[in-house]
Amino acid sequence: MSNSIIKPQTLRGFRDFLPEMMIPRLQLIEQARTVYSQYGFSPIDTPALEYSNILLGKGGDESDKQLFRFIDQGDRDVAMRFDLTVPLARFAAQHIPQLGTPFKRYHIAPVWRGERPARGRFREFLQCDFDTIGTESIAADIETVLVIHDLLHAIGLENFTIHVNNRQLLNGVLEQHGLLERTVPLLRALDKLPKIGEENVIAEMKQTAQVDHDQAKTILQLAALKGEASSVLDQARPLVADSERGQAAIESLHRLTQTCFEIGITGDQLHLDLSIARGLDYYTGTIFETFLNDLPGIGSICSGGRYDDLAGLFTKQKLPGVGASLGLDRLLAALEEQGRLEAVGTTSQVLVTQFDANHLADYQKISRQIHRAGIASEVYPEAKAIGKQLKYANKKRIPLAIIAGTQEFENRNWQLKDLNQGRQLTLNEADLIEKIREILSVT
RNA sequence: GUGCCCAUAGCUCAGUUGGUUAGAGCGCCGGAUUGUGGUUCCGGAGGUCGCGGGUUCGAAUCCCGUUGGGCACCCCA
């Protein structure tokens, strides 16, 4: 009947997570939750499926094409969420009246995009969003930087850069040259600057946005500004001299960067970068992109920005906000690539070996005492050769093993083996837990 | 979605211009060592060469399709 066996396989861009991957993944989630909670963001969740009209047309044509969309059993036109921001908009329109503003929420959940998978890009991946809605205060933008910083710091990453810009600064320059309605193709071209170089960007701008050479040059002038934040802003100021929104953006970026520096964020970790223009269409103010300096190729691991009307399509109440999204699966892929993931196959810290199946109750009793001390422990399910059982502990990288046979039960003591050190101690029950705690706290 | 590259044992790969029973290392299982892992030695299992079709006396090898992976573009976490 081997013909009838179904080939086990996952869908393109969808993945299984083995324990060695899932354990660090859950650790990352926990770290994100901790930092978000510390800053006062509350958890929410929304359904994976929404009515298609809720999700369509929110992130441009491109994201519509990537929607997983189908007709359900009740003939409803439904789609799987593409990100967590659009569901938040719907959520806010429905619940803000009872929640009040400002409202700070975090949302850690999978999203689905039917795009071509690549390194660090999947069709099902976890996003970890946090947003503050209902306030236009720059304080919320600053807090967003702090959360991104603290989160990456908590994960143990130091070599990252948060790039910050403001949509209105670019718009200011464009406004000054009467090019505001050609923003999209111009930004798209500008965004390619580091990849294809100035000349090619100018060529593309001329072609796709019908600007002349001097106009293209002026736009690039802004993006080309480099150096320390305040000096970049000083140089940018004259470029938007006649644009109110441009001036406001400069002041906003000035407040943001100076305050962050004052708090202790370094210039290496927060970078004013007037060339970043990406992000979804709904961003209208501050924008963020975060890169790992060692792995620029993997793309942004945390992006976000300010929007002045999150839920305009769902309610008449105007809801400004700011937030960002950590790409946890991309980050996990990056950590894996850097070999920074600790290879663990289980959460167990102690393996209680079974020497004599008749003493199963004793083995489980001691294991449960270890649990009560807050330490993960498991009893090996079979009483086979002790060597086999230790081999299992070794493979799963369980650091400690407990062994007890006839002799130990007669003398009322236990053998505690430290698999890393290769040493073995004979202990009575009272000392056993203490010793386990001691050994585990050192490593 | 467009273009290009890739697919052989659980993993990483070798397999010569298409030519008999498809190989290695690691891992796995068993033994040396029936109260002690990570070292060493010995033995063993495991593959319809991603799948389907075609060309051929003969296909892992050539052609087409399909599924999955990677790179560039697009877009993005």
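Computed from heavy atoms alone, side chains included, the values below leave out hydrogens, waters and symmetry copies. Below, read A as the first sequence line, B as the second, and so on, with proteins coming before strands; counting in each chain starts at 1.
Counting to the nearest Å, the C1' atom of B:rC73 and the CD atom of A:E204 are 11 Å from each other. Rounding to whole angstrom units, CZ of residue A:R123 and C1' of B:rG68 are separated by 11 Å. Look at CG on A:D329: it is 9 Å from C1' on B:rA77, rounded to the nearest Å. Residue A:E336 contributes atom CD, which lies 14 Å from atom C1' of B:rC11 at whole-angstrom precision. Whole-Å rounding puts the A:L88 CG to B:rA77 P distance at 15 Å. Rounded to whole Å, atom C1' of B:rA77 lies 14 Å from atom CD of A:E124. Nucleotide B:rA77 holds its C1' atom 12 Å from the CZ atom of A:R25, rounded to whole Å. For the pair A:W112 CH2 and B:rC75 P, the computed distance is 25 Å after rounding to whole Å.
Open room surrounds NZ on A:K365; 12 or fewer heavy atoms of other groups in view lie less than 6.0 Å from it. Within a 6.0 Å sphere centred on CD of A:E181, other residues, nucleotides and ligands contribute more than 12 heavy atoms.
Within residues 380-393 of chain A, the residues having any heavy atom closer than 4.0 Å to RNA chain B are, in order of number, A:I386, A:G387, A:K388, A:L390, A:K391.
Nucleic acid contact class of A:G304 (heavy atoms, under 4.0 Å, all strands): none. Within the nucleic acid shown, A:I403 comes within 4.0 Å of at least one base atom, counting heavy atoms only.
For the C1' atoms, the distance linking B:rC11 with B:rG54 amounts to 33 Å, nearest Å. The same atom, P, is picked in B:rG43 and in B:rG52; the two are 36 Å apart, to the nearest Å. Nucleotides B:rG65 and B:rA9, compared at atom P, are 25 Å apart to the nearest Å. Across B:rG10 and B:rU21, the matching P atoms stand 22 Å from one another, rounded to whole Å. Taking atom C1' on both B:rU17 and B:rC13, the two are 23 Å apart, rounded to the nearest angstrom. Comparing the P positions of B:rG53 and B:rU39 gives an interatomic distance of 45 Å, to the nearest angstrom. The C1' atoms of B:rG47 and B:rU2 are separated by 36 Å, rounded to the nearest whole Å.
A perpendicular orientation is assigned to the rings of A:W414 and A:F409, their planes being inclined by more than 60° (bins at 30° and 60°). Ring geometry for A:H153 against A:H149 counts as parallel: the plane angle stays under 30°, on a 0 to 90° scale with 60° as the upper cut.
A:R306 approaches A:A140 most closely through the heavy-atom pair NH2-CB, 4.0 Å.
The nucleotide whose nearest atom lies closest to any side-chain atom of A:R121 is, among B:rG69, B:rC75, B:rC28, B:rC75. Listed nucleotides B:rG37, B:rG1, B:rA77 differ in distance to A:L419; the shortest reach to its side chain belongs to B:rG37. Nearest to the side-chain atoms of A:Q415 among the listed nucleotides B:rA77, B:rU36, B:rU2 stands B:rU36. Each of B:rA77, B:rG35, B:rU36 was ranked by its minimum atom distance to the side chain of A:T406; first place goes to B:rG35. Comparing B:rG68, B:rA77, B:rG35 by their closest approach to the side chain of A:S300 singles out B:rA77.
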Would you please test A:D356 and A:T406 for side chain to side chain contact (heavy atoms under 4.5 Å, CB included) and show each step?
CA-CA 8 Å; A:D356 177 355; A:T406 325; 5.6 Å; no

Please step through side chain to side chain contact (heavy atoms under 4.5 Å, CB included) for the pair A:Q127 and A:L326, ending with a clear verdict.
CA-CA 6 Å; A:Q127 283 200 329; A:L326 178 78; over 6 Å; no

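Under the 4.5 Å side-chain criterion, counting only non-hydrogen atoms from C-beta, A:L419 is not in contact with A:I398. Within the 4.5 Å cutoff, the side chain of A:V86 has no heavy atoms near those of the A:R81 side chain. Using a 4.5 Å heavy-atom threshold, the side chains of A:E382 and A:Q354 count as separate.
Using a distance-only test at 3.5 Å, with no hydrogens or angles considered, no donor-acceptor pair links the side chain of A:H163 to the main chain of A:F291.
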Per-nucleotide protein contact string for nucleotides 40-47 of chain B (B base, S sugar-phosphate only, - none; heavy atom under 4.0 Å)
--------

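Toward the 5' end of RNA chain B, the nearer of the two residues A:Q66 and A:R423, judged by each one's closest nucleotide, is A:R423. Each of A:T10 and A:G120 was matched to the nucleotide of RNA chain B holding its nearest heavy atom; the match closer to the 5' end belongs to A:T10.
Put simply, the side chain of A:E408 and the base of B:rG35 share a donor and an acceptor less than 3.5 Å apart. Donor-acceptor pairing under 3.5 Å, judged by distance alone, is present between the side chain of A:N394 and the base of B:rG37. Side-chain atoms of A:R397 and base atoms of B:rG37 include no donor and acceptor less than 3.5 Å apart. One donor-acceptor pair, N or O on each side, does fall under 3.5 Å between the base of B:rA77 and the side chain of A:E115. You won't find any donor-acceptor pair under 3.5 Å spanning the side chain of A:Q9 and the base of B:rU67, going by distance alone.
Of the side-chain N and O atoms in A:R12, none sit less than 4.0 angstrom from OP1 or OP2 of B:rU67.
There is no side-chain donor-acceptor pair under 3.5 Å between A:Q66 and A:R113.
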